[in-house]
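Hydrogens, waters and symmetry mates are skipped; everything else that's a heavy atom, side chains included, is used. Order of the sequence lines sets the chain letters (A, B, ...), proteins ahead of strands, with each chain counted from 1. What you are looking at is a predicted structure, and each value in this text was computed from that prediction instead of being measured.
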Protein chains: 2
Amino acid sequence: MTYGDRIPDRAVTRLSLVLRRLEVLCAAGVKRVFSRELAEKVGVTAVQVRRDLMAIGYSGSPNKGYEVCALSQAIKAWLHPGLRPAAALVGLGNLGRALLTYFRDREPHLDLLAAFDIDPGKTCMECVGLAVHHVDELERVCKALNVRVAILTLPPEAAQAVAERLAAVGVHALVNFTHASLRLDPHVFVEDVDLSVALDRAVFFSHKK
Amino acid sequence: MTYGDRIPDRAVTRLSLVLRRLEVLCAAGVKRVFSRELAEKVGVTAVQVRRDLMAIGYSGSPNKGYEVCALSQAIKAWLHPGLRPAAALVGLGNLGRALLTYFRDREPHLDLLAAFDIDPGKTCMECVGLAVHHVDELERVCKALNVRVAILTLPPEAAQAVAERLAAVGVHALVNFTHASLRLDPHVFVEDVDLSVALDRAVFFSHKK
DNA sequence: CTCTGTGAATCTATTCACAGCG
DNA sequence: CGCTGTGAATAGATTCACAGAG
């Protein structure tokens, strides 16, 4: 097993994409699939797919491709070993509320258990089944639920402070939708998602292409 | 001017981030800034910032750094030459509605002029000032407004068809929030934003770090 | 000195090209 | 054959190391 090896950062992204396709194929009852088919579904090359599978130590069979459900399980086990982590979302503005329902509908590989806001009155219909707390409760609730991943959709001014508090109670990874660039202990992983950059890139390349 | 030169793809992302910081500094009346300061605000190295500025043909002065507002203008002119493009958003689900207000509040480098849905009754309070049309009106409205950039937040099954229709009426760039991987003429730029991948990455690295 | 600008080296990621299997 | 698996080559991006300017 090449389990603890270093892997290209972007391979993680591709494996996540491949995994989602496989889950669909597996549910649809498809038995086998070729690297080329996966590749074009995901928008990369077939060699890339094979290399990524090589990196996680998975083998298919020549002329028959990969067994869909088994591969799906293997990638899932590699990307997300251990238990599904508990997750929380902080900041129930427009974006936070939308992401809450968005993620819940898409069955992510985590359990979204709690949400926080300075104004917990922002609870909405779609949030049913999910506890909404005041930010003051952050430490208590996160500890109790053993929250490991947090999604930040709060105003940028408040982001650094909240991030530090989350890190202090054992959150290992943040998905940062804020325009703040967070400075934290290096053992805390930060995935920055900058929607404005996505627009800027689109505008830029709309001129270039 | 190294205007038409090829630039590292990721440099575009960094320039967008740097630009936003500069706009803030300029508005705050700061006169000069060093590459190192910009770098740490954005989370990259100082050399990277200088290299990116080199790539767009901009020079600072040794020992004095860069003039904030001038540099801001230069990056903006380079990233977004020509007029601000007209943009449209298709799909007014939870995410679409949230992004509409999110972007409007953040003054992107484009004019968000129209939104479409199969059910235009989904118009909401926050959408005030923005025309909401039935998807059937797509071609007519996009042509009339000269829409160049489109944001896709509709169900994945409908994405490919709508993308083709947009491309056919002259849309040059798409920001695709859909899980569909779009296949279009190569002159149409597609910026994929996959929020589920962001979560997967966070879960993965929460185990690793 | 301290900062910018940049050739050269390094590191990382992708593609090529082909061996080997069924 | 057509596919997987992979060493070797290539391309791409980042960092190093230092020249030059004020």
Rounded to whole angstrom units, what separation is found between the [atom1] atom of [X] and the [atom2] atom of [N]?
X       : N      : atom1 : atom2 : value
B:Asp52 : D:dT15 : CG    : C1'   : 13 Å
A:Ile56 : D:dT6  : CD1   : P     : 13 Å
A:Met54 : C:dT14 : CE    : P     : 13 Å
B:Phe34 : D:dG22 : CZ    : P     : 15 Å
A:Arg36 : D:dC1  : CZ    : C1'   : 13 Å
B:Glu67 : C:dT4  : CD    : P     : 14 Å
A:Glu37 : D:dT4  : CD    : P     : 9 Å

Under 3.5 Å, is there a donor on one side chain and an acceptor on the other for A:Arg50 and A:Ser35? yes

Polar atom pairs between nucleotides 9-13 of chain C and protein, under 3.5 Å, N or O only, would you list them?
residue	atom	partner	partner atom	Å
C:dA13	OP1	A:Asp9	N	3.4

Report the distance from atom [atom1] of [X] to atom [atom2] of [Y], rounding to the nearest 0.5 Å.
X        : Y        : atom1 : atom2 : value
B:Leu152 : B:Leu166 : CG    : CG    : 6.5 Å
B:Phe205 : B:Lys208 : CZ    : NZ    : 9.0 Å
A:Glu23  : A:Leu71  : CD    : CG    : 11.0 Å

So, does A:Ser59 get its side chain near the phosphate of D:dT4, meaning an N or O under 4.0 Å from OP1 or OP2? no

With respect to the phosphate group of D:dC3, does any side-chain polar atom (N or O) of A:Ser35 fall under 4.0 Å of OP1 or OP2? no

Please say whether the positively charged group of A:Arg106, taken as NZ for Lys or CZ for Arg, lies over the ring of A:Tyr102, i.e. under 6.0 angstrom from the six-membered ring centre and within 45 degrees of the axis. yes

Test of understanding: with side chain to side chain donor-acceptor pair (under 3.5 Å), list the residues that count as partners of B:Ser16, not counting sequence neighbours. A:Asp200

Could you label the plane-to-plane angle of the A:Phe103 and A:Phe177 rings as parallel, tilted or perpendicular, counting under 30° as parallel and over 60° as perpendicular? tilted

Which atoms of nucleotides 16-22 of chain C (N or O only) lie under 3.5 Å from a protein N or O atom, and what are those distances?
residue	atom	partner	partner atom	Å
C:dG22	N2	A:Asn63	ND2	2.8

Side chain to side chain contact (heavy atoms under 4.5 Å, CB included) between B:Thr153 and B:Leu100, intermediate numbers included: CA-CA 10 Å; B:Thr153 47; B:Leu100 215 47; over 6 Å; no

Is it the case that atom CZ in A:Arg84 sees more than 12 heavy atoms from other parts of the structure closer than 6.0 Å? yes

